[in-house]
Amino acid sequence: MTATNGGPTGTRQDTVAAVVRQWQTVHPDLDTAPMEIIGRINRCAALLQQAEDAPLRRAGLSRPEFDLLGALRRTGHELTPSELARETFSSGAAVTKRLKQLTERGLVERRGDARDRRVAHVRLTDAGRDLVDGVLPEQLAYETGVLSGLAPQRQGELAFLLSELLAQLEGRLGALRG
């Protein structure tokens, strides 16, 4: 079954389907199909953020803090705060604030650049590396549980479709910024 705008709604009874039906009633002349995708992506993101990744919470980390630590761990070398901002899709101010907190907790160390005092280099401490390596398997198990309602093939399809959308958005928005 499809919506009057051509979008696939089937018998979905999620909150976005209700919103789309309401908009179709108010504006039957408008194509509300994009809401079915963007609305669901936004709603999923909001629900995932509200759930506050349990393993990270137990480790005393927020998702953005873990993303910073993870960037340092997966790249395997020091990064500047600007590089960390790019790696984690964060603002410079947000990275600076998180780095201060992580430094106070002994999870990262900062050192100045010998040639340019304005530049700092950030690296994981042994405690930071141990924390990331300990939390990552638990976090992946948690995320597997979150996705367990979808069959593995459907997860693959969703990952592929989201990858296509992300690549398109990154290209388009990157060109607008450049």
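Expressed to the nearest 0.5 Å, how far CG of Leu79 lies from CZ of Arg123 amounts to 12.5 Å. To the nearest 0.5 Å, the span separating CE on Met35 from CZ on Arg21 amounts to 13.5 Å. A distance of 12.0 Å separates CD1 of Ile37 from CG of Asn42, quoted to the nearest 0.5 Å. Atoms CD and CG, on Glu109 and Leu102 in that order, are 12.5 Å from each other to the nearest 0.5 Å. Between the CD1 atom in Ile38 and the OG1 atom in Thr32 there is a gap of 13.0 Å [rounded to 0.5 Å].
With a 6.0 Å radius and a threshold of 12 heavy atoms from other residues, nucleotides or ligands, Arg43 has its CZ atom at or below the threshold.
Arg115 pairs by the salt bridge (charged side-chain N to carboxylate O under 4.0 Å, His left out) definition with nothing, not counting sequence neighbours. For Arg58, the salt bridge (charged side-chain N to carboxylate O under 4.0 Å, His left out) partners are Glu138, not counting sequence neighbours. The side-chain contact (heavy atoms from CB on, under 4.5 Å) check on Val119 picks up Thr80, Asp113, Asp116, His121, with sequence neighbours excluded. Under the rule for a side-chain hydrogen bond (donor to acceptor under 3.5 Å, both in side chains), the partners of Asp126 that lie at least two apart in sequence or sit in another chain are Arg129. For Ala127, the side-chain contact (heavy atoms from CB on, under 4.5 Å) criterion is met by Leu107, Thr125, not counting sequence neighbours. By the salt bridge (charged side-chain N to carboxylate O under 4.0 Å, His left out) test, Arg73 pairs with Asp133, sequence neighbours left out. For Ser62, the side-chain contact (heavy atoms from CB on, under 4.5 Å) criterion is met by Pro64, Glu65, not counting sequence neighbours. Looking at residues two or more places apart in sequence or on another chain, you find no salt bridge (charged side-chain N to carboxylate O under 4.0 Å, His left out) involving Arg110. Here Leu136 pairs with Phe66, Leu140 under the side-chain contact (heavy atoms from CB on, under 4.5 Å) rule; sequence neighbours left out.
Formation of a donor-acceptor pair under 3.5 Å by the Ser90 side chain with backbone atoms of Thr88 is found in this model. Side chain of Arg105 to main chain of Gly60: a donor-acceptor pair is present (N/O by atom type, distance under 3.5 Å, no hydrogens or angles).
Asp31 approaches Pro34 most closely through the heavy-atom pair O-CD, 3.5 Å. Smallest separation of non-hydrogen atoms from Leu84 and Ala71: CD2-CB, 3.9 Å. When all heavy atoms are compared, the tightest approach of Pro81 to Ala120 is CD-O, 3.3 Å.
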Expected list for residues 156-166: side-chain donor-acceptor pairs under 3.5 angstrom, two or more places apart:
| from | atom 1 | to | atom 2 | distance (Å) |
| --- | --- | --- | --- | --- |
| Glu157 | OE1 | Arg154 | NH1 | 3.0 |
| Glu157 | OE2 | Gln153 | NE2 | 3.1 |

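Screening residues 79-92 for salt bridge (charged side-chain N to carboxylate O under 4.0 Å, His left out) gives Arg74-Glu87 as the qualifying pairs, with residues at least two apart or on separate chains. Applying the salt bridge (charged side-chain N to carboxylate O under 4.0 Å, His left out) test to every pair with at least one member in residues 139-149, sequence neighbours left out, gives these pairs: Arg63-Glu143.
With Leu68 as the partner, the side chain to side chain contact (heavy atoms under 4.5 Å, CB included) test is satisfied by one option alone out of Val108, Val122, Val95: Val95.
Note on Leu169 and Phe89: separate hydrophobic clusters, where clusters join Ile, Leu, Val, Met, Phe, Trp and Tyr whose side-chain heavy atoms are under 4.5 Å apart, directly or indirectly.
Residues Leu61 and Leu131 form a side-chain contact, since some pair of their non-hydrogen atoms from C-beta on lies under 4.5 Å apart.
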